[in-house]
Amino acid sequence: MAAKTKFRGSFTALVTPFKNGAVDEAAFRSLVNWQIAEGTHGLVPVGTTGESPTLSHDEHKRVVEWCIAEAKGRVPVIAGAGSNSTKEAIELAEHAEKAGATAVLVVTPYYNKPTQEGLYQHFKAINDAIGIPIIIYNIPPRSVIDMSVDTMKRLFELKNIAGVKDATASMVRVSQQRAAMGEDFNQLSGEDATIIGYMAHGGHGCISVTSNVAPRLCSEFQIAWQKGDVATALKIHDKLMPLHTNLFIESNPAPVKYAMSLLGKLDEKLRLPMVPVAESTRAAVRSAMVHAGLIN
C-alpha cells in the first residue's frame, strides 16, 4: 500500500532558536506549543528556514526529536531530511522515521546539479530505505535545479513518494502536476506570496515561513479557503501580503527571526554566514507586522 498523504492547511517551516551558540531547546519547544495553540495544522522542523545547512547532524536529529516529542501527535510533523549527498539524506530520513515523524521533506540536491535521472535515483534510494511518506521539495532558486513534472510522475509511482513542497512560484506548475499525477498527489506551496493563486489552481496548503510570525492568520486563511469563503481568504491574504513580501527582502530566515524577536518568541541569533538584517529591512518588517495587526 502506497504511503500517500492528505496534508491540508498551514504547515510552519519552523525556525531554529539559538542561545549562546547552541540550539535553544526551551525556546524551540515553546514555539512548537505556541504554533499548535494558534491553530497551525502541521510542523516542519529543520528545513532551510530552520538553518539546517549550519546545524550539525546531531543538532539536526535532536531538533526533529524535540519537535515530535513536544507535538505529542497533535499535528503532523514533516521532518526536514534533505542533503545533496544521497547517503546523508537516507541517514536523516531513517532517523526521522525512527523518531516518529509523520513524513519527511527531501530537497532536490543542491550545488552538485544532478540530471533528471540523477534526481530520480536520489529520491528512489531514499524511498527504498524508509517506510514513511516523502514530500519532494522543489526549490530552483536555492538548489539551482528544477525537477520536471515527468520526473515527479515517475517518482509518484514509488510507494513512499506522496507530494511536493513547490517553491517554483509557478501557478502553471500546480495545474500541470494535477494533470499528470491527479488529486492524490499532495501539493503544498513553498511560497507564501503566491498562496492564493496556488490554492486556486488546486493546491492543498502551504509550508509557510510567514506562519512562524502569524500562525493564527495563516491558519485562518487556509480554513476560509477550505470552506469556500474566498472573500475572507482574500481579506486575510491582503492583511498578510506585506509580511509575505518583506520577510524575504533579505535571505530567509534572517527577517523572520527579527520579526519573532519583536514578538518575544526568541533571541535574534543566526549562524554565519547568516547575519542580522539591516535597519531598512527592520523598518519594513515592523511596518508589515503593524499592517497585519501583530504589533502596535
Side-chain angles (χ1 to χ4, degrees), residues 9-82 91-93 95-105 192 207-219 243 247 250-277 282 285-286 289 292 294-296:
S10 180
F11 284 64
T12 302
L14 291 165
V15 298
T16 302
F18 298 121
K19 194 170 190 176
N20 301 321
V23 177
D24 187 343
E25 179 178 355
F28 180 81
R29 286 179 178 267
S30 176
L31 282 181
V32 168
N33 281 306
W34 178 62
Q35 284 285 328
I36 295 170
E38 290 289 293
T40 290
H41 301 112
L43 299 170
V44 185
V46 286
T48 313
T49 306
E51 292 176 78
S52 56
T54 51
L55 295 184
S56 70
H57 280 194
D58 283 346
E59 287 174 326
H60 181 118
K61 291 172 182 175
R62 284 204 304 275
V63 171
V64 169
E65 289 164 9
W66 296 339
C67 189
I68 292 162
E70 207 59 43
K72 297 184 178 75
R74 291 174 288 172
V75 296
V77 174
I78 308 174
E91 182 195 336
L92 293 172
H95 169 266
E97 180 176 21
K98 285 186 189 122
T102 318
V104 288
L105 179 68
D192 282 297
I207 296 179
S208 170
V209 173
T210 303
S211 61
N212 276 285
V213 186
R216 185 169 295 280
L217 285 171
C218 289
S219 171
L243 258 184
L247 288 176
E250 294 185 41
S251 296
N252 177 50
V256 76
K257 277 196 159 177
Y258 170 65
M260 294 177 77
S261 75
L262 291 180
L263 297 175
K265 296 297 176 187
L266 48 78
D267 292 335
E268 189 196 354
K269 303 285 186 200
L270 300 123
R271 278 192 178 164
L272 287 169
M274 302 303 293
V275 293
V277 294
R282 290 170 188 269
V285 168
R286 283 196 301 268
M289 290 175 75
L294 301 174
I295 57 174
N296 294 326

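Since the model is a prediction, treat every value here as computed from it, not as a measurement.
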- What residues, two or more places apart in sequence or in another chain, satisfy side-chain contact (heavy atoms from CB on, under 4.5 Å) together with Thr48? Tyr137, Arg142

- Task: Please step through side-chain contact (heavy atoms from CB on, under 4.5 Å) for the pair Val75 and Thr40, ending with a clear verdict.
- Result: CA-CA 8 Å; Val75 296; Thr40 290; over 6 Å; no

- Query: Among His60, Lys257, Arg271, whose side chain to side chain donor-acceptor pair (under 3.5 Å) with Glu51 holds?
  - Reply: Lys257

- Message: Do Trp66 and Val32 have side chains that approach each other closer than 4.5 Å (heavy atoms only, starting at C-beta)?
- Response: no

- Message: If I take atom CG from residue Leu262 and atom CG from residue Leu294, how far apart are they, to the nearest 0.5 angstrom?
- Response: 10.0 Å

- Message: Looking at every heavy atom in both Met274 and Ser251, which two are closest together, and how far apart are they?
- Response: CE-O, 3.5 Å

- Point-to-point distance, once rounded to the nearest 0.5 Å, from OG of Ser261 to CG of Asp267: 8.5 Å

- Note on the structure: For Ala79 and Ala96 the tightest heavy-atom approach is CB-CB, 3.8 Å

- Task: Have a look at Thr49 and tell me which of Asn212, Thr16, Thr12 forms a side chain to side chain contact (heavy atoms under 4.5 Å, CB included) with it.
- Result: Asn212

- May I have all residue pairs that pass salt bridge (Lys or Arg N to Asp or Glu O under 4.0 Å) and include part of residues 9-27, sequence neighbours excluded? Glu25-Arg29

- Criterion side-chain contact (heavy atoms from CB on, under 4.5 Å) on Leu31 and Met260, from CA distance to verdict: CA-CA 10 Å; Leu31 282 181; Met260 294 177 77; 3.5 Å; yes

- Where the side chain of Thr102 meets the backbone of Val77, is there a donor-acceptor pair that is under 3.5 Å apart? yes

- Supply the atom-to-atom distance Phe11 CZ to Ser211 OG, rounded to the nearest 0.5 angstrom. 10.5 Å

- Task: Over all heavy atoms of both residues, which pair between Pro255 and Val277 is shortest? Give the atoms and the distance, please.
- Result: N-CG1, 3.6 Å

- Item | side chain to side chain donor-acceptor pair (under 3.5 Å) partner of Tyr258, the single match among Arg286, Arg282, Glu268 | Arg286

- Query: Closest heavy-atom contact between Val213 and Leu263?
  - Reply: O-CD1, 3.5 Å

- Query: If you measure from CD1 on Ile68 to NZ on Lys98, what distance do you get to the nearest 0.5 Å?
  - Reply: 13.0 Å

- Message: Surrounding NZ of Lys269 (heavy atoms of other residues, nucleotides or ligands, distance under 6.0 Å), is the total greater than 12?
- Response: no

- What is the distance from atom OG of Ser208 to atom NE2 of His41, rounded to the nearest 0.5 Å? 12.0 Å

- Correct closest heavy-atom pair for Pro253 and Val15 would be CB-CG1, 4.4 Å

- Message: Working note: Glu70 + Asn33, criterion side-chain contact (heavy atoms from CB on, under 4.5 Å); need CA distance, chi angles, decisive distance, verdict.
- Response: CA-CA 7 Å; Glu70 207 59 43; Asn33 281 306; 2.8 Å; yes

- With the side chain counted from C-beta on, respond yes when His95 and His57 share a heavy-atom pair under 4.5 Å apart, and no when they do not. no

- Message: Using side-chain contact (heavy atoms from CB on, under 4.5 Å), reason through Leu247 and Met289 one step at a time and then give a plain yes or no.
- Response: CA-CA 10 Å; Leu247 288 176; Met289 290 175 75; over 6 Å; no

- side-chain contact (heavy atoms from CB on, under 4.5 Å) filter on Glu38, not counting sequence neighbours, yields Trp34, Pro215, Arg216

- Item | Spacing of CG belonging to Leu243 relative to OG1 belonging to Thr210, to within rounding of 0.5 Å | 6.0 Å

- Would you call Lys61-Glu59 a salt bridge at under 4.0 Å N-O? no

- Task: Please report the shortest heavy-atom distance between Ile207 and Ala13, naming the atom on each side.
- Result: CG2-CB, 4.0 Å

